[in-house]
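The structure appears right after this line, and notes come after that.
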Amino acid sequence: MKTEVSYHNKKFVLQPTSICNLNCEYCYLPGRDILKYLNPQVCTELANYINSTNDSYEIIWHGGEPLACGLKRFSELFLTFKNCKCKHTIQSNATLINNEWCNFFKKNNVSVGISIDGSKLYNKNRINWNGAESYDSTMKGIKTLLSHNINFSVISVISEKHLDHAKELYDYFLNLGCWSWGLNIEEFEGSNTRSNHFNSHKIKNFWKELYYCWQSNPKIRIREFDYALTWMDRVCNQPEFEVIKRDFELFPSISCNGDMVLLSPEFLDVNILGHNFIIGNVLVESIESLLKNLESYTYIREFTNGILKCADECDYFSFCGGGYASNKFFENGSLNTTITQHCHNSKKTLIDTITKII
């Protein structure tokens with residue numbers, strides 16, 4: 001069966017500031033202690049591009065900690081997009097959320113995602129620059145969101161210490177007030193060099209226990225189960241075709257100074273580690289020109305070749321689609337590769353476990 005790979009773009013990641021007020025032990029971003037602010041002209045260039053396409057986009061405000069740029073500065077950046085057809089999403093550690101930020105979120109219909117790994121016992125990787133735990137500050141922000149009736153999703157990093165406590169974690173997030181929970185089993189990525197070679201039996205039991213908990217009380221969406229069950233339904237109800245088409249989100253990510261990378265925001269500061277994924281700068285070249293002729297970029301060609309290898313070699317390809325660029329690069333040293341530990345932990349074991357239960 002032939003596989004065709006193509007790319008589309010309906011999202012942009014913007015970095016309003018490079019700084020983060022936390023120093024999480026597993027963070028991939030090496031430059032999170034360097035204070036830079038997004039050049040307002042970057043927003044102008046992006047707004048002009050969006051309007052020129054007449055399409056709708058999602059702008060994901062990512063950091064560092066995006067709220068660390070301050071509400072006044074962020075409001076000015078945000079105002080640039082007032083006439084654009086775009087949805088805004090912000091990913092925050094919640095420690096800086098207050099009433100003023102909540103009023104801004106509600107007024108401008110901003111979707112909010114919060115990073116928290118569980119109760120205080122399981123959130124110990126998330127510390128500030130003095131080594132103090134951030135849990136109480138995060139919970140203060142979450143309670144402020146709830147007091148304003150703002151819906152929020154949650155992303156958690158699942159480290160080895162979480163794996164024996166799926167029920168405890170599910171019960172916690174069931175009562176936290178979030179509408180959706182996404183689980184990122186810790187990844188060997190960027191400046192995080194901690195191993196993610198976790199015990200495969202523990203990974204399997206974690207997904208199994210979590211699925212049973214969710215099945216018995218499915219009051220919140222679990223991203224991984226949503227993806228898996230949607231895929232299973234498609235496999236069971238749609239005929240196979242001679243050509244499998246994989247259309248990947250380009251994920252253009254733009255740094256404070258206008259540098260752009262593709263495929264993964266994790267590549268923004270990779271040049272600090274001796275590599276460079278920057279395709280250009282939006283203040284020097286037009287966004288339209290940067291997003292043309294994708295195959296002229298070496299790492300896009302490498303990623304495409306890696307996807308085709310996955311299609312040929314992996315029985316799970318129709319589910320995962322060939323994996324993520326950042327995992328391949330940081331785990332294998334190249335995008336023109338196939339299997340990663342992330343595949344084992346978050347794709348293969350997940351599908352194997354759920355299919356046996358169902």
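Nothing here was measured: the structure is a model prediction, and the numbers come from that model.
- Under the 3.5 Å distance criterion, with hydrogens and angles disregarded, no donor-acceptor pair is assigned to the side chains of Asn130 and Asn128.
- Smallest separation of non-hydrogen atoms from Phe81 and Cys86: CB-SG, 4.1 Å.
- Hydrophobic cluster membership for Tyr37: Ile19, Leu35 (Ile, Leu, Val, Met, Phe, Trp, Tyr linked by side-chain heavy atoms under 4.5 Å, directly or transitively).
- Residues Ser159 and Tyr26 share a closest heavy-atom pair of OG-CD2, 4.3 Å.
- The closest side-chain donor-acceptor pair between Asn257 and Lys36, if any, does not fall under 3.5 angstrom.
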In sequence, state the C-alpha distance, the side-chain angles, and the governing distance for Phe225 and Trp214, and then conclude on ring pair (Phe, Tyr, Trp, His ring centres under 6.0 Å).
-> CA-CA 9 Å; Phe225 296 161; Trp214 174 78; 5.6 Å; yes
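- No hydrogens or angles considered: nothing links the side chains of Asn123 and Thr138 as a donor-acceptor pair under 3.5 Å.
- The line from CD1 of Ile354 to CD of Gln215 is 9.5 Å long, rounded to the nearest 0.5 Å.
- Asn332 and Ser334 share no donor-acceptor pair across their side chains, judged by distance under 3.5 Å alone.
- Ionic pairing of Asp352 and Lys348 is not present here: no N-O contact between side-chain nitrogen and carboxylate oxygen is shorter than 4.0 angstrom.
- Side-chain heavy atoms closer than 4.5 Å link hydrophobic residues (I, L, V, M, F, W, Y) into clusters, and following such links, even through other members, never connects Ile59 to Leu79.
- Within the 4.5 Å cutoff, no side-chain heavy atoms of Asp33 are placed close to those of Asn23.
- Between the CD1 atom of Ile278 and the CG atom of Asp259 there is a distance of 4.0 Å, given to the nearest 0.5 Å.
- Between Ser75 and Phe104 the shortest heavy-atom distance is OG-CE1, 3.6 Å.
- Grouped with Val13 in one hydrophobic cluster are Ile60, Phe251, the linkage being side-chain heavy-atom contacts under 4.5 Å among Ile, Leu, Val, Met, Phe, Trp and Tyr residues.
- With hydrogens and angles left out, the side-chain atoms of Arg223 and Asn184 include a donor and acceptor closer than 3.5 Å.
- Side-chain N/O atoms of Trp181 and Ser153 include no donor and acceptor closer than 3.5 Å.
- Grouped by direct or indirect side-chain proximity (heavy atoms under 4.5 Å, Ile/Leu/Val/Met/Phe/Trp/Tyr only), Leu22 sits alone.
- Side chains of Gln91 and Ser115: a donor on one and an acceptor on the other come within 3.5 Å.
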Could you walk me through whether Phe105 and Trp101 pass the ring pair (Phe, Tyr, Trp, His ring centres under 6.0 Å) check?
-> CA-CA 6 Å; Phe105 296 152; Trp101 274 109; 5.8 Å; yes
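- Applying the salt bridge (Lys or Arg N to Asp or Glu O under 4.0 Å) test to residues at least two apart or on different chains, none of the pairs has a partner in residues 209-218.
- Trp207 and Thr349 share no side-chain donor-acceptor pair at under 3.5 Å.
- Looking at every heavy atom in both residues, Ile97 comes nearest to Cys102 through CG2-SG, 3.7 Å.
- Looking only at atom types and distance, the side chain of Ser289 has a donor-acceptor partner in the side chain of Ser286 under 3.5 Å away.
- A continuous path of Ile, Leu, Val, Met, Phe, Trp and Tyr side chains, each step under 4.5 Å between heavy atoms, connects Phe319 with Leu210, placing both in one hydrophobic cluster.
- A cation-pi geometry, defined here as NZ or CZ lying under 6.0 Å from the six-membered ring centre and within 45° of its normal, does not hold between Lys347 and Tyr316.
- Nearest heavy atom pair, residue Asn93 against residue Cys20, reads ND2-SG, 4.0 Å.
- Note on residues 89-117: no pairs pass salt bridge (Lys or Arg N to Asp or Glu O under 4.0 Å), not counting sequence neighbours.
- Side-chain atoms of His148 do not come within 3.5 Å of backbone N or O of Asn103 as any donor-acceptor pair.
- Side chains of Thr17 and Glu65: no donor on one and acceptor on the other come within 3.5 Å.
- Between Lys124 and Glu133, at least one side-chain N (NZ, or NE/NH1/NH2) sits under 4.0 Å from a carboxylate O, which counts as a salt bridge.
- Neither Tyr324 nor Phe248 shares a network with the other; the hydrophobic side chains, linked directly or stepwise wherever heavy atoms of I, L, V, M, F, W or Y lie under 4.5 Å apart, form separate groups for each.
- Of all heavy-atom pairs between Pro16 and His62, the closest is CD-O, 3.0 Å.
- Applying the salt bridge (Lys or Arg N to Asp or Glu O under 4.0 Å) test to every pair with at least one member in residues 146-165, sequence neighbours left out, gives these pairs: Asp164-Lys202.
- When the shell of 6.0 Å around NE2 of His201 is examined, it contains 12 or fewer heavy atoms from other residues, nucleotides or ligands.
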